[in-house]
Amino acid sequence: MIKLWIFIQEHSKLTQSGRARSLLSYGRELLLEKKLEQAEEQFDKVKKFKKSQNPFTVGQPVPPERFVGRESEIATAFDQIYSRSNLAIWGGPGVGKSSFLEYLASPQVWYEQGLDPSQAVIVCLNCLSIFPFRPSAFWREVLSLMKEELEGDAGSKIDELLGQAEVTKDNLRQVVRQIGRQNKFLVLLLDDYDAVVRPHDEYTEADIE
């Protein structure tokens, strides 16, 4: 009985549609008539209906406009961006790390923080997208994503570097120095960064170091 009542209370606050209200009302009637199994069936329908109306998709980042909470982490992240420093955030699956990075990449959020996003070259990269992980492939992908945000000499320089057989962190430094002369800076947002420290047959502990 208690379990079902809690369920009603939670969903009474969350559901607004006529169908959901109808299902809940019928479930309450069944509950009062002590038809517990039938009542639970109705509440299961409400649960399924709620999931079908949920704007969020499990396994995908929440859009920045719907991101809530994490105020202290957001403040810390933008402090680090302002001071051109770095920040690592970790946690288990599903805690919102990817959504947090998407939020940090939003130009509107930058304006809200009093920063000009046009001064930054913002690159978001999921390290799991590079498989098997190799350093050269990583730097190549970073430069490719930067090129999408750059024009002129910096873009031409990236084209030149991407034509090489191997791309290294030193190549990235060349481009960062070049955009620095344009009063821009790089914000590199890396998701699933633990992929970088997983050795495999073609990626040794020495490579990781």
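- Atom OG in S98 sits 6.5 Å away from atom CG in N126 (nearest 0.5 Å).
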Quick one: side chains of residues 172-185, donor-acceptor pairs under 3.5 Å with protein atoms, not counting sequence neighbours, listed by atom name and distance.
unit_1: R173; atom_1: NH1; unit_2: D170; atom_2: OD1; d: 2.8
unit_1: Q174; atom_1: OE1; unit_2: K157; atom_2: NZ; d: 3.3
unit_1: K184; atom_1: NZ; unit_2: S118; atom_2: O; d: 2.6

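- Hydrophobic clustering places L125 together with V197 (ILVMFWY residues linked when any side-chain heavy atoms are closer than 4.5 Å, directly or through intermediates).
- Here side chain to side chain donor-acceptor pair (under 3.5 Å) pairs that include residues 74-84, with residues two or more places apart or in two chains, are Q80-S85.
- Closest of all the heavy-atom pairs between L150 and A154 is CD1-CB, 4.0 Å.
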Derivation and outcome, side-chain contact (heavy atoms from CB on, under 4.5 Å), residues L104 and V109: CA-CA 7 Å; L104 294 180; V109 172; 5.8 Å; no
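- Considering only heavy atoms from C-beta on, L161 stays 4.5 Å or farther from V167 through its side chain.
- A perpendicular orientation is assigned to the rings of F78 and W110, their planes being inclined by more than 60° (bins at 30° and 60°).
- Atom NZ of residue K147 and atom CG of residue L143 lie 11.0 Å apart, to the nearest 0.5 angstrom.
- Remark: S136 pairs with E166 by the side-chain hydrogen bond (donor to acceptor under 3.5 Å, both in side chains) rule, at least two apart or across chains.
- Proximity of a side-chain donor or acceptor of S106 to a complementary backbone N or O of Y103 within less than 3.5 Å is not detected.
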Step by step, would you call D191 with C127 a side-chain contact (heavy atoms from CB on, under 4.5 Å)? CA-CA 6 Å; D191 201 1; C127 296; over 6 Å; no
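- Hydrophobic clustering places V123 together with F138 (ILVMFWY residues linked when any side-chain heavy atoms are closer than 4.5 Å, directly or through intermediates).
- Shortest non-hydrogen contact noted between T204 and D207 is N-OD2, 2.9 Å.
- The backbone N or O of F133 lies less than 3.5 Å from a partner atom in the side chain of H200, making a donor-acceptor pair.
- Within the 4.5 Å cutoff, the side chain of W139 has no heavy atoms near those of the N171 side chain.
- In this structure a side-chain-to-backbone donor-acceptor pair under 3.5 Å is missing from R134 to E202.
- The hydrophobic clustering, which links ILVMFWY residues whose side-chain heavy atoms are closer than 4.5 Å, places L101 and L186 apart.
- Residues A120 and V187 share a closest heavy-atom pair of CB-CG2, 4.1 Å.
- Looking only at atom types and distance, the side chain of D159 has no donor-acceptor partner in the side chain of S156 under 3.5 Å away.
- In this structure, I81 CD1 and Q113 CD are separated by 8.5 Å, a value rounded to the nearest 0.5 Å.
- One N or O on the side chain of R140 and one on the backbone of A165 form a donor-acceptor pair closer than 3.5 Å.
- The closest donor-acceptor contact from the side chain of Y203 to the backbone of V196 lies under 3.5 Å.
- Put simply, I208 and L190 are part of the same group of oily side chains (I, L, V, M, F, W, Y) that touch within less than 4.5 Å, one to the next.
- There is no path of hydrophobic side-chain contacts, each under 4.5 Å, that joins I130 to L189.
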